[in-house]
Number of protein chains: 2
Amino acid sequence: MSRRSGILEFAVLGLLREAPMHGYELRKRLNTSLGIFRAFSYGTLYPCLKTLVANGWLIEEPGSAPEEAVASSLAGRRAKIVYRLTPEGKEHFEELLSHTGPDAWEDEHFAARFAFFGQTEREVRMRVLEGRRSRLEERLEKMRASLARTRERLDDYTLELQRHGMESVEREVRWLNELIESERAGRDQRPGTDAPHDNDSGETGGLPRHGGSTRPDPSDDTAK
Amino acid sequence: MSRRSGILEFAVLGLLREAPMHGYELRKRLNTSLGIFRAFSYGTLYPCLKTLVANGWLIEEPGSAPEEAVASSLAGRRAKIVYRLTPEGKEHFEELLSHTGPDAWEDEHFAARFAFFGQTEREVRMRVLEGRRSRLEERLEKMRASLARTRERLDDYTLELQRHGMESVEREVRWLNELIESERAGRDQRPGTDAPHDNDSGETGGLPRHGGSTRPDPSDDTAK
DNA sequence: AATTTCATGTAATTCGTTACATGATTCC
DNA sequence: GGAATCATGTAACGAATTACATGAAATT
């Protein structure tokens, strides 16, 4: 059943929720718009799309040039394919979105989830943010402990590296605190449609001014 | 010839330079002491050690219990193996250390290198730090460009994520600036042994107070 | 006319993990 | 004597990359 890392699948579903796209465009958005994700290669993306289709979560539609393409009998015609989310796919994505298992606190899972926060309920967002925070706090605990145990045996550069690493984590914790804070304050007394409905329903807490998650590159648009 | 990611190989060589160790201990140091590295599993580490031995960079030595182990003729005896760097291995490591190809600016490669800065010459350190900095600046350029292109189409959370990501990178650039600064100031007029000699020869520029590189976990000492 | 960017795919390979299998030693 | 931790390995699998292969459309 190939439960891929899940992240690519998740992101593809999430992006296609906005609008149908073909693979090429999808890949670009994976690199750029979502700030976070590493650039998946075509070798990864296209096969993944095929399995999503096989699962009934997407359907393939003819890309541009819809007229003459079908007419020309030649089999060699390479088709442009636009992928569209099916209702089942939409449902599946919503399941994934609200399903906050322990994986959801890991770096990339968290970032992927966060990128689609606009489509979730505040309750879920809080769970994810708080889960992420405890995950990081655990990490800090271990780093501190290990540092305490080994400090004297390490040279200055190694020490410096560890310190910078810890500070990065501490910084993210502060960021999370602000986010949690503003989620809490955000729209607390707000009733109305609590469901994460179709297109941007304006649902969004008040966000602070800050940034992200230090994923490697996203760059290299040109998949050399 | 299996050029693994290179990082594990590099780190193993570097750690064994300090002292012979067996695989188990090596793995722990990979997780903790070097702050940065993800926890390599035994399934990765042991085979890697074997190929390093095959390359003549390490030799295996009987671990503890050297007396009775050899005496007992039983083949079933599982040996404890201590790995020691050979002169060829040492040479190879030094080659890797000073060989600053474009890979060296990537996240993990950079972190790995930095962790062994204590064993390099200032000249090399400068090259690596500056290379890393331009790498990050390129990245920032692309992020800024992409943000400018797509800003209005993105929701608040995605935007927030991108902002945090950019700030993380900017922060690392500032860190690098400080490091470069202090390398430059460090021991500029210093003559003497310029070679990165055997054990800690006290060679170290003046470092600022800061930290590192946001690698995921290192935790999970207990390889579940 | 040539180059870049759009567009889709496959095969081989690399890097790494998990789960399994085994056993010794140390601490309580 | 039982648990934790030390210690070493292998086989099956997973996720993703690279290099290859192909070709259409848009731009210069």
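Throughout, protein chains are lettered first and strands after them, A, B, ... in sequence-line order, and every chain is numbered starting at 1.
Across dG9(C), dA7(D), dC6(C), the shortest atom-to-atom separation from the side chain of Lys28(A) is found for dC6(C). Of the candidates dG16(C), dC6(D), dG9(D), the closest approach to any side-chain atom of Tyr46(B) belongs to dG9(D). Across dA16(D), dT8(C), dT10(C), the shortest atom-to-atom separation from the side chain of Tyr42(A) is found for dT8(C). Considering only the side chain of Lys80(B), dT25(C) comes nearest among dC6(C), dG9(C), dT25(C). Taking the side chain of Tyr83(A) as heavy atoms from C-beta on, and the options dG9(C), dA7(D), dT18(C), the nearest nucleotide is dG9(C).
When the side-chain nitrogen and oxygen atoms of Thr44(A) are compared with OP1 and OP2 of dA15(D), none of them lie within a distance under 4.0 Å. The phosphate of dA16(D) (OP1 or OP2) has no side-chain N or O of Ser41(A) nearer than 4.0 angstrom.
Atom OH of Tyr24(B) is separated from atom C1' of dA24(C) by 12 Å (rounded to the nearest Å). If you measure from atom CG of Asp103(A) to atom C1' of dT18(C), you get 14 Å, rounded to the nearest angstrom. Between the CD1 atom of Ile7(B) and the C1' atom of dC15(C) there is a distance of 11 Å, rounded to whole Å. Following rounding to the nearest Å, Ile81(A) (CD1) and dA24(D) (P) show an atom-to-atom distance of 15 Å. One can place CG of Asn31(A) at 15 Å from P of dT5(C), the figure rounded to the nearest angstrom. Distance, Leu45(B) CG to dC6(D) P: 15 Å, rounded to whole Å. One interatomic measurement links the two molecules: CG of Leu49(A) to C1' of dA7(C), which rounds to 13 Å at whole-angstrom precision. Distance His22(A) NE2 to dA24(D) C1': 12 Å, rounded to the nearest Å.
Residue-level contact check: Gly23(A) touches the backbone only, with heavy atoms under 4.0 Å from sugar-phosphate atoms and none from bases.
Axis angle, first five pairs versus last five pairs of the helix from dA1(C)-dT28(D) to dC28(C)-dG1(D): 40°, rounded to 10°.
Each of Glu25(B) and Gly43(B) has a nearest nucleotide on DNA chain D; the 5'-most of these lies closest to Glu25(B).
Scanning for side-chain contact (heavy atoms from CB on, under 4.5 Å) contacts around Glu170(A) gives Leu140(A), Arg144(A), Met166(A), Glu167(A), Arg174(A), with sequence neighbours left out. Annotation: salt bridge (charged side-chain N to carboxylate O under 4.0 Å, His left out) contacts of Glu137(A) (sequence neighbours excluded): none. Tyr46(B) is linked by a ring pair (Phe, Tyr, Trp, His ring centres under 6.0 Å) to Tyr42(B), counting only residues two or more places apart in sequence or in another chain. Here Glu130(A) pairs with Met126(A), Arg133(A), Ile180(A), Arg184(A) under the side-chain contact (heavy atoms from CB on, under 4.5 Å) rule; sequence neighbours left out. Residues satisfying the side-chain contact (heavy atoms from CB on, under 4.5 Å) criterion with Thr86(B), sequence neighbours excluded, are Ile59(B), Glu88(B).
Ion pairing between Glu94(A) and Arg17(A) holds under the 4.0 Å rule for side-chain N and carboxylate O. Look at Arg132(A) and Asp107(A) and you find a salt bridge, because one of the NZ, NE, NH1 or NH2 atoms lies within 4.0 Å of a carboxylate O, short of that distance.
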